[in-house]
Every structure is written in C-alpha cells, then in structure tokens.
> 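Mind having a look at this structure? Questions to follow.
Start at 1 with the first residue, then count along the sequence.
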Amino acid sequence: MTRTLRGAIALAGATALCLGAVATSGATQPASAAQGEVRIGLLLPESKTTRYEKFDRPYIEAKIKELAPDAQIDYYNAAESATTQQQQVNTALAKGDKVLILDAVDAKSIQSSVEKARNAGVKVVAYDRLAQGPVDAYVSYDNRKVGELQGKALLDALGDKAGSGQIVMHNGSPTDPNAAEFKAGAHSVLDGKVKIGKEYDTPNWDPNNANQQMSGAISALGKDNIVGVYSANDGLAAGISTALKAAGMNVPLTGQDAQLDAIQRILLGTQTITVEKPYKPEADIAATMAVNLAEGKELPADLTPTTVTSGSGEKVPANLLTPVVVDKTNIKDTVVKDGLYTVQEICTPTYAAACKEAGLQ
C-alpha cells in the first residue's frame, strides 16, 4: 500500500506572490490580497459522509498551516448542492482566495466556475474528484483500481456460489466522475463471472436510496436468488445492510472509505470488505499543491508524477495513490495503524466479542 507522498513535499516558507484583482469578462472580481498573503479556499462537497469533517478538512488545514503558518483558509461545505458550491466559488473569488482546493459535488456543472477562477487568475486543485474545466492539478486515488479490488473481493467471497445466483450492483452518484471509474473497474472483474440481476446508480450517494433499491431488488429477484451485493461505498452499504437484515439475508457485501460503522459491520460479518484510501496522504498532497501554487511556484514533477484527462478533455497533472482492501484479518494493520480509529473506538461493548475473535483485543 502506498503511504508516501510520492516524493518530498515539505515545501514551506517561500514568499507568496500577490495576485491583484483581474477584471475579465464574465469573471468575479477577486478582492486584492495583502502582499505575501497565502489565501486558500477549501470547498468540500458534503458532510453526510463522515470523512470530510472528521479527516479531510482537519488534515488539509493542518498541512497548509505547517507549510504556511500565516495562511488564511476559507472553508466551505456545499451540503450536496451543486448550485451552492457554484455560489461558494463566487464567494471565494470575491474574498481574494488565490487557490481553490475543490472537491466537486457535480464535476460537470462546476466547469463554468473553474473557468471563472482561471479567468480571475486563481488556481484550482481538484481534490478526490476530477472537476471539468481548466484544473491546475489533481490528487486522488486510482479509482478504477478501487472498483477492481471491490469486484475481486466480492468474487473471492462468493467462491463457488458465483455461478449459482445473481448479484445486485449499487453504484455511486451519476454526477461523480469517480463513481463511473469504480463502476468500470468492478465490471472489468465481474462481467462474465457472475450474473447481475439488478444494477443501480445512486443519486447523491444517498444510503436511503440504496436501502430502497436493495429492498426493490429483493422483491424483484427473490432473496434466495441473490448471492452477493456490490456496493460502491460504505454509506450505500449501510442502507443495503439494513435492507438485507430486514429480509433475513446475509450475503457478501462490499464497500469503500473505511467508515467506522463499516469496520464494525465487517467484524460482525454483515459486510465483507471495505477499501481504505488513507485520507492524510491525499490531504497532505492537496495542501502542498495549493501552497506551492499560492506562492507562485511550479509544481515539482514528483508531486504530479502522472497526467489524467478530465471529462472536458483537459490534460491535468495528477498524483494517484494506491488503495487497499480491508477485511476482518487486517483491521489492525490498516485503519488502526493508519490512525483512523483506535481499538477502543472500534471495539465498543456491542463489538467486544467480535473484536476478540478478530485479534483486536
């Protein structure tokens, strides 16, 4: 598993360039920033998924402050609204933010805002999801690889049952470009090996939608004919597992993001795996990219070792990290070792017996 930041990224202490207000047609006029000021806007997509407020935001803010102690950070959360996020970009530009770290709610609709930032002389670092438009840099995990790992784990868990029944697939939001990559990766492994009885895209990654989808699939296919479930992330898996439990079912179920409730379901055996994408390496790279750009520096090659193509056709310098599968056998060596959770956080009284069986206590 990749734990490094793919090169040295301790790049602190340079004097920032002042980006004056740039008046261009159709662009929001940014406020003038003080000479030497590093001002960064952090725009995250939602708070329903626990990762953003618990991990991404504090890690990014801490790294920015480590590299530029006097930096001004303006934080925005779009609460799953693409329109709100577009308005937040306008606000960030008006405040004089020099760089935006942007995790897009809707990678396509945000393109006009990215173009507006470019016209105003403001750099954009796409975080976790690749926004369309003239993005300056991108950091994420190898999303197709995530889907491949999920698909392989599901096949491994099914064993001989892979050919004897049907699976249900719950993909992510159709507005999230990562969801399309997870889906493509999973299909590359599963197609021809299992019969897909039902497949859904899930707007807004909403667990309630996933719950309703799973209940509908059980009614349509019959619970005895479903041998496994592909879930693109742990939030969806939470809704799916509730539907499975209500139907008296326990079949292999995938996930992603290593949420605490998913780790606990894995211990109980109601979820098979999750995929961990350690937040700190990704957050540290995004923060380092942003500080470099705010200080007027070129991004070093070891910070952007590859290039990706966005949905709007732009070639974007990128850093793609490697995900890892978490199951009952390696919880201590992954999420505990990486500092996501302590054993005490995982092993509450409800899960004490399962933790002991798994060697956590």
Side-chain angles (χ1 to χ4, degrees), residues 45-52 78-82 103 105-107 128-129 143 146-147 149-151 153-154 157-158 165-187 189-190 194-223 225-266 268-277 323 325-327:
E46 47 104 345
S47 56
K48 184 176 289 186
T49 305
T50 57
R51 61 169 289 183
Y52 292 111
E80 300 180 333
S81 169
D103 191 339
V105 174
D106 185 327
D128 204 59
R129 298 169 180 166
N143 296 312
V146 170
L149 291 173
Q150 292 170 321
L154 182 58
L158 290 173
Q166 303 175 64
I167 69 164
V168 179
M169 291 191 70
H170 299 263
N171 305 306
S173 174
T175 62
D176 181 350
N178 289 3
E181 294 188 59
F182 304 145
K183 181 177 178 178
H187 271 289
V189 174
L190 295 172
V194 293
K195 181 178 180 182
I196 300 170
K198 289 286 184 181
E199 181 170 7
Y200 306 93
D201 292 332
T202 312
N204 298 320
W205 292 94
D206 191 328
N208 293 322
N209 288 341
N211 177 271
Q212 294 169 9
Q213 290 166 350
M214 191 68 232
S215 296
I218 293 169
S219 296
L221 301 176
K223 69 176 187 178
N225 297 317
I226 298 171
V227 295
V229 181
Y230 169 84
S231 170
N233 81 349
D234 293 336
L236 302 185
I240 293 163
S241 66
T242 301
L244 292 173
K245 183 177 180 180
M249 298 173 62
N250 187 10
V251 297
L253 172 64
T254 66
Q256 176 188 185
D257 290 331
Q259 291 189 180
L260 178 58
D261 60 329
I263 300 300
Q264 291 169 332
R265 285 193 297 272
I266 288 170
L268 292 180
T270 56
Q271 183 169 326
T272 310
I273 63 101
T274 186
V275 175
E276 183 193 11
K277 302 179 296 184
V325 172
V326 179
D327 60 24

> Taking the side chain as every heavy atom from C-beta outward, state whether V229 and H170 have any pair of such atoms under 4.5 Å apart.
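With C-beta onward as the side chain, the pair touches.
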
> Does the D327 side chain pair with the main chain of I273, one donor and one acceptor, at a distance under 3.5 Å?
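Not a single qualifying donor-acceptor pair exists.
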
> Write down the atom of T272, the atom of A157, and the distance for their closest heavy-atom approach.
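Scanning both residues, the minimum pair turns out to be CG2-CB, 3.9 Å.
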
> What heavy-atom pair brings A237 and Q271 nearest, and what distance separates the two atoms?
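Looks like CB-OE1, 3.4 Å.
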
> What pair of heavy atoms forms the shortest contact from A238 to S241, and how long is it?
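Nearest heavy atoms, A238 then S241: O-OG, 2.9 Å.
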
> For the pair D206 and K48, evaluate side chain to side chain contact (heavy atoms under 4.5 Å, CB included) and give the outcome as yes or no after the intermediate values.
CA-CA 9 Å; D206 191 328; K48 184 176 289 186; 3.9 Å; yes

> State, with a plain yes or no, whether a side-chain heavy atom of E46 is found less than 4.5 Å away from one of V105.
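E46 vs V105: side chains apart.
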
> Consider only side-chain N and O atoms of Q259 and N233, and report whether a donor and an acceptor are under 3.5 Å apart.
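Not at all, the side chains of Q259 and N233 share no donor-acceptor pair under 3.5 Å.
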
> Would you tabulate the side-chain donor-acceptor contacts of residues 244-254 under 3.5 Å, counting partners in other chains and residues two or more places apart, or write 'none'?
| unit_1 | atom_1 | unit_2 | atom_2 | d |
| --- | --- | --- | --- | --- |
| N250 | ND2 | G269 | O | 3.4 |
| T254 | OG1 | S231 | N | 2.8 |
| T254 | OG1 | S231 | O | 2.8 |

> Roughly how far, to the nearest 0.5 Å, is CD1 of I263 from CG of L260?
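Those atoms lie 7.5 Å apart.
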
> Hey, could you give me the CZ/CE distance between F182 and M169, rounded to the nearest 0.5 Å?
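Atom-to-atom, F182:CZ and M169:CE are 12.5 Å apart.
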
> Which heavy atom in A179 sits nearest to a heavy atom in W205, and how many Å separate them?
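Closest approach of A179 to W205, heavy atoms only: CB-CZ2, 3.7 Å.
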
> Quick one: are I167 and L158 in side-chain contact, heavy atoms under 4.5 Å?
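They are in contact (side-chain heavy atoms under 4.5 Å apart), so the answer is yes.
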
> Using side-chain heavy atoms (C-beta onward) and a distance below 4.5 Å, is D103 in contact with Y52?
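Sidechains of Y52 and D103: in contact.
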
> Taking only Lys NZ, Arg NE, NH1 and NH2, and the carboxylate oxygens of Asp or Glu, determine whether R51 and D128 approach each other closer than 4.0 Å.
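So R51 pairs with D128 through a salt bridge.
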
> Can you see which heavy atom on L154 is nearest to which on G228, and at what distance?
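Result for this residue pair: CD1-CA, 4.4 Å.
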
> Between Q213 and K198, is there a side-chain heavy-atom distance shorter than 4.5 Å?
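In short, these two side chains do not touch, never coming nearer than 4.5 Å.
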
> How many angstroms lie between atom CD1 of I226 and atom CG of L221, to the nearest 0.5 angstrom?
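It is 5.0 Å, given to the nearest 0.5 Å.
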
> Given D201, which partner from the list D176, T175, N171 fulfils the side-chain contact (heavy atoms from CB on, under 4.5 Å) test?
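The side-chain contact (heavy atoms from CB on, under 4.5 Å) with D201 is passed solely by N171 among D176, T175, N171.
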
> Do you know which two heavy atoms are closest between A107 and P177, and how far apart they sit?
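Scanning both residues completely, I find the closest heavy atoms to be CB-CD, 3.3 Å.
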
> Hey, could you give me the CZ/CG distance between R129 and D106, rounded to the nearest 0.5 Å?
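One finds 9.5 Å between CZ of R129 and CG of D106.
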
> Could you tell me the separation between the CG atom of N225 and the CD1 atom of I218, rounded to the nearest 0.5 Å?
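Here the interatomic distance stands at 11.5 Å.
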
> Quick one, Q256 and L149 - any side-chain contact, counting heavy atoms below 4.5 Å?
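Contact flag for Q256/L149 side chains = no.
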
> Test side chain to side chain contact (heavy atoms under 4.5 Å, CB included) on T50 and D261 and set out the steps.
CA-CA 10 Å; T50 57; D261 60 329; over 6 Å; no

> Side-chain contact, heavy-atom cut-off 4.5 Å: R265 with T274?
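They are not in contact (no side-chain heavy atoms under 4.5 Å apart), so the answer is no.
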
